[in-house]
J.: 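Sharing a structure below in structure tokens format, with a few things to ask.
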Number of protein chains: 2
Amino acid sequence: MNVRDAAERSGLPSKTVRYYDEIGLVVPDRRGNGYRDYDDRAVQKLAFLKRARQLGFSIEDCRHLLSLYEDKDRASADVKALAEAHLKEINVRLAELEHLRDTLKHLIHACHGDNRPDCPILADLSGKE
Amino acid sequence: MNVRDAAERSGLPSKTVRYYDEIGLVVPDRRGNGYRDYDDRAVQKLAFLKRARQLGFSIEDCRHLLSLYEDKDRASADVKALAEAHLKEINVRLAELEHLRDTLKHLIHACHGDNRPDCPILADLSGKE
DNA sequence: CTTGAGCTTACAGTTACTAGAACCTTTATG
DNA sequence: CATAAAGGTTCTAGTAACTGTAAGCTCAAG
């Protein structure tokens with residue numbers, strides 16, 4: 001099937017599907033006219049990628065996951081290790097983001113928000129600590 | 001003072017300080033030999049930027065904040081609105097990240113992680129739902 | 001046969017830097 | 001005074017993961 005159909009079935013934009021071909025993630029066959037030709041297996045891989053990307057795995061992680069996915073004899077320990085490393089990163093990002101939110105919340109609360117030029121947000125940003 | 005000193009005092013890498021000059025965020029004077037020459041005011045602005053970037057404001061937000069910071073007659077309502085919009089984005093990101101973490105946690109827990117090729121993480125990624 | 005949709009490639013732009021190369025200036029030392 | 005190290009300059013390219021745009025080829029329908 002053509003790229004558009006593969007894109008629709010996998011839920012990705014066609015631009016992205018072409019991009020995944022370009023970087024060698026999912027390389028389709030080509031027809032006589034040069035058009036990409038995706039089969040069901042390729043569409044499955046694209047859908048797999050969409051899900052993995054949504055879960056925040058990087059493209060390189062995805063490449064790895066895809067090869068494990070392809071490999072019937074892969075060890076699930078490999079996959080688990082990858083997922084665990086990823087979870088760790090997510091927890092770090094979460095903590096940072098929460099801290100950031102608290103700081104911002106505090107600043108917004110302290111800011112009167114009227115037309116007086118005195119503003120605690122700017123005061124904090126300028127390093128009043 | 002030279003770029004290195006300005007960088008050290010503001011807590012930014014000198015590369016970044018030069019970059020901020022290039023994009024017109026903090027443009028220092030130049031000496032006869034072409035060297036950048038930062039004064040205390042410029043260093044203050046750099047430090048301001050560091051803090052604002054740490055809080056997750058984009059460069060364009062920072063440009064806006066900087067002009068408000070410079071403007072003695074700015075309305076703190078403007079700053080507050082910017083901060084509130086930013087907080088909203090952060091909350092969205094937080095919710096997404098939390099959801100992601102829960103999914104991943106669940107998957108890792110369900111994965112036995114030994115050498116058997118059967119792996120629930122890959123099963124989920126392939127769209128078993 | 002023409003029109004329009006859909007395919008192709010290639011190149012630029014996005015964000016916020018970072019790395020490296022080639023070259024110039026200043027400062028410290030023998 | 002010569003020189004070498006340290007630090008300054010600009011420029012280009014690379015990063016992640018696409019997205020947008022343009023020029024041009026192919027195909028299906030009327």
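No hydrogens, no waters, no symmetry mates; every other heavy atom, side chains included, goes into these values. Given the structure is predicted, the values throughout are model-derived calculations rather than measurements. Per chain, numbering begins at 1; letters A, B, ... match sequence-line order.
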J.: For DNA chain D, whose closest nucleotide is more 5', that of B/Glu22 or that of B/Arg4?
T.: B/Arg4
J.: When the distance from CZ of A/Arg36 to P of C/dT9 is rounded to whole Å, what number comes out?
T.: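 Result: 4 Å.
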J.: For DNA chain C, whose closest nucleotide is more 5', that of B/Ser58 or that of B/Tyr35?
T.: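 So the residue in question is B/Ser58.
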J.: Once you round it to whole Å, what is the distance between P of C/dT8 and CZ of A/Arg18?
T.: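 Spelled out: CZ on A/Arg18 to P on C/dT8 is 5 Å.
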J.: Rounded to the Å, how far apart are B/Asp5 CG and D/dG8 C1'?
T.: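 For the pair B/Asp5 CG and D/dG8 C1', the rounded distance is 12 Å.
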J.: Taking 4.0 Å as the cut-off, does a side-chain nitrogen or oxygen of B/Asn33 come that near to OP1 or OP2 on C/dT26?
T.: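 Checking B/Asn33 against C/dT26: at least one side-chain N or O falls below 4.0 Å of OP1 or OP2.
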J.: Could you tell me how far apart B/Tyr19 (OH) and C/dT15 (C1') are, to the nearest whole angstrom?
T.: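 Distance, rounded to whole Å: 7 Å.
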J.: Atom NZ of B/Lys15 to atom P of D/dT15: distance rounded to whole Å?
T.: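 In whole Å, D/dT15 P lies 16 Å from B/Lys15 NZ.
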J.: Quickly work out the A/Lys50 NZ to D/dA17 P distance and round it to whole Å.
T.: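 In whole Å, D/dA17 P and A/Lys50 NZ are 17 Å from each other.
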J.: Taking OP1 and OP2 of D/dT10, is either one under 4.0 Å from a side-chain nitrogen or oxygen of B/Arg30?
T.: yes
J.: Are any of A/Thr16's side-chain N or O atoms less than 4.0 Å away from OP1 or OP2 of D/dT19?
T.: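 The answer is yes; a side-chain N or O of A/Thr16 sits under 4.0 Å from OP1 or OP2.
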J.: Specify the separation, in whole Å, of atom CD1 of A/Ile23 and atom C1' of D/dT15.
T.: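 Taking CD1 of A/Ile23 and C1' of D/dT15, I get 14 Å after rounding.
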J.: Whole Å only: how far is the CD atom of A/Gln54 from the C1' atom of D/dA17?
T.: 15 Å
J.: With a 4.0 Å limit, can you tell me whether A/Tyr20 has a side-chain N or O closer than that to the phosphate oxygens OP1/OP2 of D/dC18?
T.: yes
